[in-house]
Structures are given as C-alpha cells and as structure tokens.
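Computed from a prediction, not measured in an experiment: that's the story for all the values here. Residue numbers begin at 1 in each chain, while the letters A, B, ... track the order of the sequences.
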Protein chains: 2
Amino acid sequence: MKLAPLQQEFVLHFGEMGSRWGINRTVGQIYALLFLSAEPLNADQITEGLGISRSNTSMGLKELQSWNLVRLRHVPGDRREYFTTPEDMWEITRILIAERKKREIDPTLTKLRELEMSGRAGDDYAEARIAELREMIELMTGFYNDMEKLETERLVKLMTLGSKIAGLIDKTSGALTLGRRKETK
Amino acid sequence: MKLAPLQQEFVLHFGEMGSRWGINRTVGQIYALLFLSAEPLNADQITEGLGISRSNTSMGLKELQSWNLVRLRHVPGDRREYFTTPEDMWEITRILIAERKKREIDPTLTKLRELEMSGRAGDDYAEARIAELREMIELMTGFYNDMEKLETERLVKLMTLGSKIAGLIDKTSGALTLGRRKETK
DNA sequence: CAGAAATTTCAGTAATTTCTGAAATTCATA
DNA sequence: TATGAATTTCAGAAATTACTGAAATTTCTG
C-alpha cells in the first residue's frame, strides 16, 4: 500500500512529534495512519503502509491500546484483527487528556502526598514549596474532574464563550455575579 | 552538599518523571533541586548536589533557560551565576503550560493548516479528519488564549467554581443564562 | 482437535539520547 | 588589557530506547 501524499506527510509529522508526546516514532505513525483511514486496517496493512516490521506493528498497536486510543474491529469472514480510532473527535480528546494526566500528573500528586505524610526531614522552605505544588495540582485536577463530567455540548459552549465567562465572577467574593449583564451600568 | 531526605526523594522523582515530561533526567533533577532551594544555587552547587558532571549541569541549565523555567541571579561580590525558580507558583504554571503548548501543539496546528492549504492529494475522509483535528486544536488553543489573559485571582475563582460555571450556560442557545439562579424553579 | 493462520514475545542489534572530560571561549577585574 | 575564574562547547563513551527476525504462542477453522 502506497500512501497518498496527504497521509504520507501527516504520518511523518506524527512520527516526528511522537517523542515530544511521549510515544515513539512508529506508535505516532501507526496512530496517524489509523486516524486518517476511512476503513479499519489490519496489522499487515499497517506494516506495509509504514514500511516497518510486523513485530514493531504488533508492539505499537499494544501501546496504542494501553492508551485506549484505538478500537478493535472484526471484519466478517476475516480472522485478522482490524483497528480504528474513534470517530468522535471529542472522545479522542477526552481520552488523550485523561491518559496524559494519568501518566504525567497523577504519579507526582501521589508522591507529593507521600512526602508530606511521611515527614521526611527537610527545611521549612522545601516543605512549603511541596505543599504549594500539591495545592496547585489539586486545583488543576479538581477543575479537570469537574469539566470532564460535562456533556460535550456544554463543554463546547463553555470553551467558545472563553473569557466572557470570567466576567461573571465577582472579583472580590468569588461568588457568581447574579442579575442581568449590561443592566448594571 | 548532601541533600536532605526530602530533597533527595523529590529530586529522584523529578528525574524519573522527566522523560514523560519531555526533559531528560538531569534536567528534571536540576529543576527539582532549584525548586526546593530557599536560596539561589550556582552551577557548582548543583553539580555537587546531584553528583553529575559540570558540563551536564551547564547543558541542563541552558535547557531550563530555553523553557524559561529558571531565573538568573547575581550575588554581590561573587562572579558566579546563581539560579532560582520563580517564587510564584502561578507564574511557574503559566510558563509550563505556554511552553508545552509551544512545543507539543503549535507545530501540529501549523502543519495541519499547511496540509489544508497545499491541497495535497488525499481522500475526502482524510481531509475531513484533518479539518476536524484542526478545529479541535483551534477550539482548545482559543480557550487557552482567553484564559491565559485573565488575572490569576479570577482564574483561581473560576477554577474553584468548576462545574458550577457550566450551570450558567443555557444548553440550547449557548448564551449565558441571565437572571438569578434558583429562581426558575 | 489437528493444522494453519495470526499474533506476540524476546534476544540481539541498531539508533538515538544522554553524559563526561578536555579544550575552547567568555567574562570580570586588577 | 592580561590574567585567571567561570562557563560553554563538543567529540567520544555510556546508557537507554527502538526495532527486527525468528521462535513461541494463541486463535481460528475444517
């Protein structure tokens, strides 16, 4: 399978970005190929399309499954396994954020709490710093947990409003500003 | 300089997490050491504290400077350079988000726009998929640009409110729901 | 349930990244 | 502006990560 120029360039880009995103080149490329493919692909098609070894494809697909980024499909009358990425862009986005949080943030939050509990010897400044960092992560992950629960429709609206949202918040009290906008001249 | 147990464990953790965060072990460790240090440290102190080579320290500090994560300080009567991390946890957070967006998201947004402009041959599905991805990134970065402009105080309040914010949005219109809460039974 | 197809595992190799020590350069001040 | 301290650069070594091909295992199907 020879890739179309569009796929080719997209696949190469994902391969290059892979290392910045915490995956390796082939994992990035496999994902890119599946993402653009209208039909599910099997491991041999991926192997041929990317010019890599069959075993590398197998490992890459396992990695993508551990990220929950690909879905397994079965084609009637074909015993091979086929793979796709979710159709819904929001589903993909939610998964990506959840998985990166799990890998990049959660372990540190756990470690910080352990350090605070265990009473390891350290100066006051260091202890205060660790507490500050933990609080920041808690604020961020707390907000994330709230947002993540919202239906996509509401999330889109909220994000589209952007900073208009902030105008609603009374700066001094932290409470929501009630009553209509524009009426308080 | 022998590190206190608290610093030791924190430094090791940052070293291990480094690769997931897109930096290498020593860069993570240098940052961790500076983050917990009440006083600015010079390169020799870092070198000794972490047990690494002087040149590695130099390269690590350069990397941290390219991330804008450390500040240069000069101590009167000492010609060596001293380094600190910003005191303000929010400053650190804002920088981290901005830098990761710059490295991990912006290049892809640019590439997607190029692909759409250049009219590379590709099937309809792939083109639609690329457009969808670009739109998602634009929605996210647009929201980020709005939030990033807010004063910290407002941002904290917004994040603390969390999903209460979403209740304000009228689901069907996308407009803000005006009038008092709780009054529309 | 035997055989073949599909998939996974894994040891060895290749590629890449990180780190070091020595040399070169920069910088401050006497 | 010459000197020595501080810092950076960089080629090679070490460590880590990625990839391959062959063998092992699993999974279907006749």
(request) Looking only at side-chain atoms of A/Ser53, point me to the closest of C/dT7, D/dT20, D/dT8. (result) D/dT20

(request) Output the single nucleotide from D/dA18, C/dC19, D/dT20 whose closest atom is nearest the side chain of A/Ile52. (result) D/dT20

I need the [atom1]-[atom2] distance between [X] and [N], as an integer number of Å.
X       : N      : atom1 : atom2 : answer
A/Glu63 : C/dT8  : CD    : C1'   : 15 Å
A/Arg79 : C/dT8  : CZ    : P     : 13 Å
B/Leu50 : C/dC19 : CG    : P     : 11 Å
A/Arg54 : C/dC10 : CZ    : P     : 16 Å
B/Glu81 : D/dA5  : CD    : C1'   : 13 Å
A/Ile23 : D/dT17 : CD1   : C1'   : 15 Å
A/Asp44 : C/dT7  : CG    : C1'   : 10 Å
A/Ile30 : D/dA18 : CD1   : C1'   : 12 Å

(request) For A/Met59 and for B/Val27, find the nucleotide of DNA chain C with the closest heavy atom, then tell me which residue's nucleotide is more 5'. (result) A/Met59

(request) Between B/Asp78 and A/Phe83, just flag the one whose closest nucleotide in DNA chain C comes earlier from the 5' side. (result) A/Phe83

(message) Checking base pairs now: Watson-Crick or wobble, both atom distances under 3.5 Å. What partners D/dT29?
(response) C/dA2

(message) Which nucleotide, if any, forms a Watson-Crick or G-U wobble pair with D/dT20, using both distances under 3.5 Å?
(response) C/dA11

Are any of [X]'s side-chain N or O atoms less than 4.0 Å away from OP1 or OP2 of [N]?
X       : N      : value
B/Lys62 : D/dT7  : no
A/Arg25 : D/dA18 : no
A/Asn42 : C/dA6  : no

Is it true that [X] and [Y] have a side-chain N and a carboxylate O under 4.0 angstrom from each other?
X        : Y       : result
A/Arg71  : A/Glu87 : no
A/Lys102 : A/Glu99 : yes
A/Arg25  : A/Glu16 : no

Just call it for [X]: base, sugar-phosphate, or nothing, with non-hydrogen atoms closer than 4.0 Å on any strand.
X       : answer
B/Asn56 : base
A/Thr26 : sugar-phosphate
A/Arg80 : sugar-phosphate

(message) Please compare A/His74 and A/Ser55 by the position of their nearest nucleotide in DNA chain D and report the one closer to 5'.
(response) A/Ser55

(message) If you compare all heavy atoms of A/Ile165 against all heavy atoms of A/Leu158, which two are closest, and at what distance to 0.1 Å?
(response) CG1-O, 4.3 Å

(message) Please check if the number of heavy atoms outside B/Lys62 that lie under 6.0 Å from its NZ is greater than 12.
(response) no

(request) Using only heavy-atom distances, determine whether the side chains of A/Asp123 and B/Gln7 contain a donor-acceptor pair under 3.5 Å. (result) yes

